[in-house]
Amino acid sequence: MQQSGAAGGRGCALFSVLGILFFQDAQVRGYVGEKIKLKCTFKSTSEVTDKLTIDWTYRPPSSSRTESIFHYQSFQYPTTAGTFRDRISWVGNVYKGDASISISNPTLKDNGTFSCAVKNPPDVHHNIPLTELTVTERGFGTMLSSVALLSIFVFIPSVVVVVLLLLRMGRKAAGLKKRSKSGYKKSSIEVSDDTDQEEKDECMARLCVRCAECLDSDYEETY
């Protein structure tokens with residue numbers, strides 16, 4: 001029994017045909033020069049074997065001509081000719097039911113319809129879901145939003161840290177200036193520390209003088 005239907009809510013196509021359940025984005029938007037992923041997942045009632053094949057095709061806008069851009073059967077075979085030469089990459093995993101690919105360095109000429117066909121004998125496809133790709137230039141608004149996000153997460157926190165440090169340094173300088181004007185007096189702890197240090201220095205001086213006197217007396221006795 002064949003069944004087909006569309007999954008609503010997120011612009012995705014969902015098909016169940018002859019034992020294979022397809023899930024593919026109905027519409028994908030991308031930007032010039034930024035890698036685009038074309039998602040295609042499937043679920044087969046049969047175990048995945050080396051007979052499984054995947055074929056991605058492309059049809060330009062307002063055209064009935066299609067071209068093969070990717071083939072998979074145990075190995076990856078991206079196209080070696082045409083518009084997508086050296087720009088198609090395999091990002092799927094057949095054992096996880098993933099037949100997705102990606103397009104690097106997309107241009108406005110890549111706009112069109114893409115289809116993903118999966119065969120896993122005895123399960124085969126019938127109604128193949130389609131994906132409409134729209135590639136556009138990034139507008140000033142998009143670039144501005146990116147700059148704004150960068151400012152929020154990087155620039156603004158840095159400015160806040162610098163301002164806080166400057167405020168702290170300013171308060172410390174103001175405190176020192178205030179102390180110098182009001183005649184700063186040492187606390188009892190600081191006074192006691194200074195007194196102990198002076199006593200230690202005086203003891204060391206006396207000890208040095210005593211040692212010098214002993215040496216002089218010894219020298220006189222030898223004569």
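Here the structure is a predicted model, which means the values were calculated and not measured.
Using cut-offs of 30° and 60° on the angle between ring planes, the pair Phe70 and Tyr72 is parallel.
At distances below 3.5 Å, not a single donor-acceptor pair connects side-chain atoms of Asn111 with backbone N or O atoms of Pro61. The backbone N or O of Lys39 sits nowhere less than 3.5 Å from a side-chain atom of Asp25 that would complete a donor-acceptor pair.
Taking CG of Leu130 as the start and CZ of Arg59 as the end, the distance is 6.5 Å to the nearest 0.5 Å. Interatomic distance, Thr79 OG1 to His71 NE2, rounded to the nearest 0.5 Å: 12.5 Å. Taking CG of Leu21 as the reference point, atom OG1 of Thr45 lies at 10.5 Å (rounded to 0.5 Å). Atom CZ of Phe23 and atom SG of Cys116 lie 12.5 Å apart (nearest 0.5 Å).
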Residues Val32, Leu108; criterion side-chain contact (heavy atoms from CB on, under 4.5 Å); working and verdict: CA-CA 7 Å; Val32 173; Leu108 299 177; 3.9 Å; yes

Applying side-chain contact (heavy atoms from CB on, under 4.5 Å) to Gln27 and Thr134, what does each step give before you reach the verdict? CA-CA 8 Å; Gln27 293 183 341; Thr134 303; over 6 Å; no

Please assess Ile103 against Phe114 for the test side-chain contact (heavy atoms from CB on, under 4.5 Å), listing each intermediate value before the final yes or no. CA-CA 12 Å; Ile103 303 174; Phe114 295 80; 3.9 Å; yes

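Ile69 and Phe75 are assigned to two separate hydrophobic clusters, defined by single-linkage of ILVMFWY side chains at heavy-atom distances under 4.5 Å. Residues Ile88 and Val28 share a hydrophobic cluster, clusters being chains of Ile/Leu/Val/Met/Phe/Trp/Tyr side chains in contact below 4.5 Å. No path of Ile, Leu, Val, Met, Phe, Trp and Tyr side chains, each step under 4.5 Å between heavy atoms, connects Leu38 with Tyr77, placing them in separate hydrophobic clusters. Leu133 and Val91 are assigned to two separate hydrophobic clusters, defined by single-linkage of ILVMFWY side chains at heavy-atom distances under 4.5 Å.
If you run side chain to side chain donor-acceptor pair (under 3.5 Å) between Ser115 and each of Thr57, Thr131, Asp55, Thr66, only Thr57 comes through.
Ser46 and Asn120 share no donor-acceptor pair across their side chains, judged by distance under 3.5 Å alone.
Residues Ala117 and Ile128 share a closest heavy-atom pair of CB-CD1, 3.7 Å.
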